[in-house]
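Structure first, then comments.
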Amino acid sequence: MGLEAFIAERKQDKDLLVMAHVVCGYPSFEDNMQELEIMAEAGVDLVELQFPFSEPSADGPLFVRANEQSLKAGTTVDQCFEFMAKVSARFPFKVLMMGYYNTVFKMGEELFVQRLREAGGVGYILPDLPVEESANLHQLSADAGIEPIILMTPTSSDKRLAQLGAASRGMVYAVARKGVTGSKTNMGDDVIALIDRCRQHTNVPIGVGFGITSKADMDFLRGSADLAIVGTAALQTWEDSGAEGLKAFFADLLA
Amino acid sequence: MDIFDFSDGREGYYGEYGGVFLPEILHATIEELLECFRECKADPKFWQDYVSLLQNYSGRPTPVTYLENLSRELGGAQIYVKRDDLNHTGSHKVNNVMGQGLLTQRLGKKRVIAETGAGQHGFATATMAAKFGFDCKIYMGAVDVARQRPNVFWMENLGAEVIAVEDGQKTLKDAVNECMRDWVTNMADTHYILGTACGPHPFPEMVSWFQSIIGMEAREQIVAQTGRLPNRVYACVGGGSNAMGLFQGFFDEPNVELIGCEAGGEGVGSYMHSARLAYDDASVGVAQGYKTYFLQNDEGNMSETHSVAAGLDYIGVNPIFSYLHDQGKVRFEAATDAEVKETLKLTMRTEGLIPALESTHGFVVALKEAATMAKDEIVLVNMSGRGDKDIFTIADALDDAKWKSFICGKADQYRAEKK
Ligand SMILES: Cc1ncc(COP(=O)(O)O)c(C=O)c1O
């Protein structure tokens, strides 16, 4: 089942889905597996597996460190795909690859799409790959039934949103604010306005990410967004208070 | 040849290199910058303002100096040096910075950020910000902060905030990443003054345009002094801005050979260098907003780089050079740390010149080749900066006992004051 159909199915009994995130190999693949068990248990719908990169320039301090430590520990692309295959076979949530374009470029776009598919991934998020540079990759993805997740942002003009909307497949990732991953976003009217603007330019489901940390944020997004995307807050919780903390975090988020 | 005449749909590309690979959130900012740059480039008044600013503030035109002693001693080609070390703040970096400062005014922005390796670009940016009244934040790898303290001192005293970047290798590339992170947050009031001809379009073109003043002047000066064009032209290549600047004066001359001199660090096979084009260790990749040759592994993660010169210690290279390298229009060589130290001693003693460690890489290759050339041939070398900033590194390299005892004395004095 493709991403869009999966989201539609899950939305039949939930009004706001959750997409979570782990950085592959940080703190370790064993930790990742434990985190994912907790996420699956809590009912998370989608998970981004971030393939670590040495220059994570769209990430904030916590993920920067996670990328760096993971690479230092020797994490390879092969390991990330093997892990993805295990994860997608084991859990009910769907899995996306998140990373930077150089990982894809070095492997070759065709091989990337093929490996992603073989590992059970349904899509990918490459924050440093603009649509202008995506034509070939998007075509290969369409042929393979893999969805490229397009990002829409508060600085995107209507003209730009129209362009992005035309390229959107599966779901759109609406970036709630300027900046990198990590710090808190004040959920306010401008986030709702952004979602409304995105909807004018795409029919696919919309996930909102960057700075989502709490049930209050979830309540705020309910009725506007289709998915809430939770990244840094979960990793921070794992680092601060381990498995128990993470269980409580998702229990609260999904209450 | 105009490498900046892009064909349809290939704006910002030099062959397969260049482009814009940035987060979507910066799309509008880059469009705005591109539009403003196009206006400036089309406006003769902008270039006039730029040239007169550099004349009145930075001492341009910088001279071309004939190295009579060294030419005689080596017994080969006649050696000439373009003296961009004589700029205010001591390097060619100020050319680009003053140009982007004028552009920042046109953009109506009030805050500037910059990465810096050797600190020369940060120093120039802090100077420009003080003069133009901009808020200024400089990102510099912690390793570079430690080895280029004199420049950090000046940046801070000029009113800039200097952030020591603790991520990654703690050098230039990591400072670029931090600038990107600042920019995606603060683009509304902030212009990112990228310091070399790298990064996303239009930076390679824009920085090359501002630096072309070096080549325009040098061509006229060398012809005036010698009655002819040089046979070979040399410049060190970090990101490639001083080299692009000088080379543009000679791009259309089939009989002038252009040689880019990269940081060979500990040499071929050491994997402790920053030679992207001269050695065979780099491959094409996409990072820091553009596509070019990077020193990276098979999975696209960047390798550790090394150079005695902080300003050359970088993973990537100007995409224009990747293209010109493929086309065989520019030849790339590397100078090792050890060669640089020897050549620096030689230029100090025989000519009274103190080139920056970066610039000395160009001298190494030029002097080596000049010695094998005929007496009636001419070589031109870019002295992109002066070596004052390197006093700590050079003193270490020379193991200068008097300097060390001076520093110990200063340390004792500060310790006594603290008590
Ligand atoms: C004096 C000097 N020369 C050269 C460079 C290298 O930069 P580029 O290759 O852009 O000229 C630097 C960079 O910091 C520098 O300070």
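Because the structure is predicted, anything quoted here is derived from the model rather than measured. Residue numbers start from 1 in every chain, and the chains themselves are labelled A, B, ... in the order their sequence lines are given, proteins ahead of strands.
For Glu55(A) and Lys173(B), the salt-bridge test passes: some basic side-chain N is under 4.0 Å from an acidic carboxylate O. Using a 4.0 Å cut-off between charged nitrogen and carboxylate oxygen, Glu133(A) and Lys291(B) do not count as a salt-bridge pair.
Counting all heavy atoms, side chain and backbone alike, Ala287(B) lies closest to Phe53(A) at CB-CZ, 4.3 Å. The two residues Asn301(B) and Pro52(A) make their nearest non-hydrogen contact at OD1-O, 3.9 Å.
Side-chain contact check for Val184(B) versus Val180(A): some heavy-atom pair is nearer than 4.5 Å. At least one side-chain heavy atom of Thr155(A) sits less than 4.5 Å from a side-chain heavy atom of Met187(B).
Highest contact tally toward chain A, considering only Met180(B), Met302(B), His27(B), is held by His27(B) [criterion: heavy-atom pairs under 4.5 Å]. Listed options Thr76(A), Asn67(A), Asp78(A) were ranked by heavy-atom pairs under 4.5 angstrom with chain B; first place goes to Thr76(A). Contact tally against chain B (heavy-atom pairs below 4.5 Å) for Pro56(A), Ser156(A), Pro154(A), Ala58(A): the top residue is Pro56(A). Residue with the most contacts toward chain B among Leu129(A), Leu164(A), Thr103(A): Leu164(A) (heavy-atom pairs, distance under 4.5 Å). Your options are Met107(A), Met152(A), Arg160(A), and the one with the most heavy-atom pairs under 4.5 Å with chain B is Arg160(A).
When only modelled atom types and interatomic distance are considered, Asn102(A) and Glu299(B) share no side-chain donor-acceptor pair under 3.5 Å.
Atoms CD and NZ, from Glu31(B) and Lys159(A) in turn, are 7.0 Å apart once rounded to the nearest 0.5 Å. Rounded to the nearest 0.5 angstrom, Gln296(B) CD and Ser54(A) OG are separated by 8.0 Å. For the atom pair CD (Glu24(B)) and CG (Leu161(A)), the distance works out to 8.5 Å, reported to the nearest 0.5 Å. With values rounded to the nearest 0.5 angstrom, Phe210(A) atom CZ is found 7.5 Å from Ile25(B) atom CD1. Between the CD atom of Gln169(B) and the CD atom of Glu68(A) there is a distance of 9.5 Å, given to the nearest 0.5 Å.
Annotation: Glu16(B), atom CD; neighbour count of heavy atoms from other residues, nucleotides and ligands within 6.0 Å is above 12. Few gaps surround CZ on Arg106(B); more than 12 heavy atoms of other groups in view lie less than 6.0 Å from it.
Of the atoms belonging to Val77(A), heavy atoms from both backbone and side chain fall under 4.5 Å from chain B.
With hydrogens and angles disregarded, no donor-acceptor distance shorter than 3.5 Å links the side chain of Thr185(B) to the backbone of Lys178(A). Put simply, the side chain of Lys106(A) gets close to the backbone of Val284(B): a donor and an acceptor are under 3.5 Å apart. Side-chain N or O atoms of Arg181(B) include one that pairs as donor or acceptor with a backbone N or O of Asp59(A) at under 3.5 Å.
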